[in-house]
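Model, not experiment: these values are computed from the prediction.
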Amino acid sequence: MFYSTFRAVVLVPLLRWLFRPRVEGLGRVPRHGAAIVAGNHQSFTDQFLMGVILRRRISFLAKQEYFTGRGLKGRLAAAFFRGLGAIPVDRSGRAAGQAAVDEGVRVLGRGELLGIFPEGTRSHDGRLYKGKVGVAEMAIRSGAPVVPCAIIGTFEAQPAGRRLPRLVPVTVRFGEPLDFSRYAGMADQRHVLRAVTDEIMYAILKLSEQEYVDMYAVDARAWLASHGSVPATPGVPAGAEAAAGSRLAPLPERVAVDGAAEAPGEGRHAA
């Protein structure tokens, strides 16, 4: 009840006014059943935009710190994130990472929609960084399709560290669902998880047309702090040949958003 009321009364009008989102490929998101929406992560507002645009309720794995604040402010923040469908996850340590994957699989097991940002944290420079393999494990274990999503413009509107967003037009673009059922029973094989994750990141890259950096975002930040710049890396995910047929497969100029590429009765939608 809180979610639907807050979404209709506050989030939808506010985000429409702030970002004027242009939405492409919305019909590619399944209307029923379990699915993962995997997107690039450039701003704190990304998950709110996705939640406003999608017709279905979507749950996100959120860092536990959002739910553990003290005093009235902390309790209000926790209620806010729970009302939006956020699921608290302890991101410290390897065991905690597995717990997050298990929780995501439980959400998908209930036939729900799960949102995830495979980079694990916001991009500090607007580029796309290497994805973590948790998204692949969730997809293989659950059998759910993965819908790649590119959110374009939120880095310019509200990069990390900026408190108030600029009034910048934003595009949210969904790609064709990816089916990884061919890897059923192989979720414990590291090379499979890496290949699946790189295929997902390549699909996001094609949609977002960002520059790609083949290293984890947290490692890039550490490197930046000690060296003053992030090293040059290949232009596509290292394992993208598994999906693209070639390490340097060219990116299409633009993903189709109208006509036959859309589901019947769909097309371009605004939130």
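Atom-to-atom distance recorded for Leu114:CG and Leu108:CG is 5.0 Å, nearest 0.5 angstrom. Separating the CG atom in Leu113 from the CZ atom in Arg57 is a distance of 11.5 Å, to the nearest 0.5 Å. The CG atom of Leu207 sits 8.5 Å away from atom CD of Glu209, with the distance rounded to the nearest 0.5 Å. In this structure, Arg127 CZ and Leu205 CG are separated by 12.5 Å, a value rounded to the nearest 0.5 Å. Taking OG1 of Thr154 as the start and CD of Gln47 as the end, the distance is 11.5 Å to the nearest 0.5 Å. With values rounded to the nearest 0.5 angstrom, Ile53 atom CD1 is found 7.5 Å from Cys149 atom SG.
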Task: Residues Arg55, Leu26; criterion side chain to side chain contact (heavy atoms under 4.5 Å, CB included); working and verdict - done: CA-CA 9 Å; Arg55 297 186 179 95; Leu26 185 60; 3.6 Å; yes

Task: Chi angles and distances behind the side chain to side chain contact (heavy atoms under 4.5 Å, CB included) call for Met50, Ile58 - done: CA-CA 8 Å; Met50 201 180 290; Ile58 185 168; 4.0 Å; yes

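Looking only at side-chain heavy atoms (C-beta outward), Phe174 and Leu54 come within less than 4.5 Å of each other. Side-chain contact check for Val37 versus Ile116: every heavy-atom pair is 4.5 Å or farther apart. Between Val135 and Ile200, the closest side-chain pair of non-hydrogen atoms falls below 4.5 Å. The shortest side-chain heavy-atom distance between Leu128 and Ile204 falls under the 4.5 Å cut-off. At a threshold of 4.5 Å between non-hydrogen side-chain atoms, the residues Pro145 and Asp179 do not count as touching. Looking at heavy atoms from C-beta onward, Val170 lies out of side-chain contact with Glu156 at the 4.5 angstrom threshold. Side-chain contact check for Ile140 versus Leu193: some heavy-atom pair is nearer than 4.5 Å. A 4.5 Å side-chain heavy-atom check between Arg173 and Ile152 finds at least one atom pair inside the cut-off.
Using a 3.5 Å distance cut-off with no hydrogens or angles, the side chains of Glu137 and Gln98 do pair a donor with an acceptor.
Take Lys132 and apply the side chain to side chain contact (heavy atoms under 4.5 Å, CB included) test, not counting sequence neighbours, and it matches Tyr216. Taking the side-chain hydrogen bond (donor to acceptor under 3.5 Å, both in side chains) definition, one finds that Asn40 meets it with Gln210, sequence neighbours left out. When the side chain to side chain contact (heavy atoms under 4.5 Å, CB included) test is applied to Arg70, no partner is found at least two apart in sequence or on another chain. Legend: residues meeting side chain to side chain contact (heavy atoms under 4.5 Å, CB included) with Val105, ordered by chain and number and at least two apart, are Val101, Met138, Arg141. Shown here are the salt bridge (Lys or Arg N to Asp or Glu O under 4.0 Å) partners of Asp219, two or more places apart in sequence or in another chain: there are none. Shown here are the side chain to side chain contact (heavy atoms under 4.5 Å, CB included) partners of Glu112, two or more places apart in sequence or in another chain: Ser59, Val107, Arg110.
Among all heavy-atom pairs drawn from Thr121 and Ala217, the shortest one is CG2-CB, 3.6 Å. Across every non-hydrogen atom of Ser123 and Gly126, the tightest pair is OG-N, 2.9 Å. In this structure, Val29 and Val147 approach most closely via the heavy-atom pair CG2-CG1, 4.2 Å. Scanning both residues, Arg182 and Met186, for their nearest heavy atoms gives O-SD, 4.3 Å. Across all their heavy atoms, Pro118 and Ala38 have their closest contact at CG-CB, 4.0 Å.
Here Phe60 and Phe117 bring their ring centres to under 6.0 angstrom of each other. Note: Phe155 and His41 fail the aromatic proximity criterion, with ring centroids not under 6.0 Å apart.
Ionic pairing of Arg194 and Asp198 is present here: one or more N-O contacts between side-chain nitrogen and carboxylate oxygen are shorter than 4.0 angstrom.
A side-chain donor-acceptor contact under 3.5 Å links Arg56 to the backbone of Gly33. Although no hydrogens or angles enter the test, the distance criterion places a donor-acceptor pair under 3.5 Å between the side chain of Gln42 and the main chain of Ile151.
Under the side chain to side chain contact (heavy atoms under 4.5 Å, CB included) rule, Tyr129 has a single partner from His124, Arg221, Arg122, which is His124.
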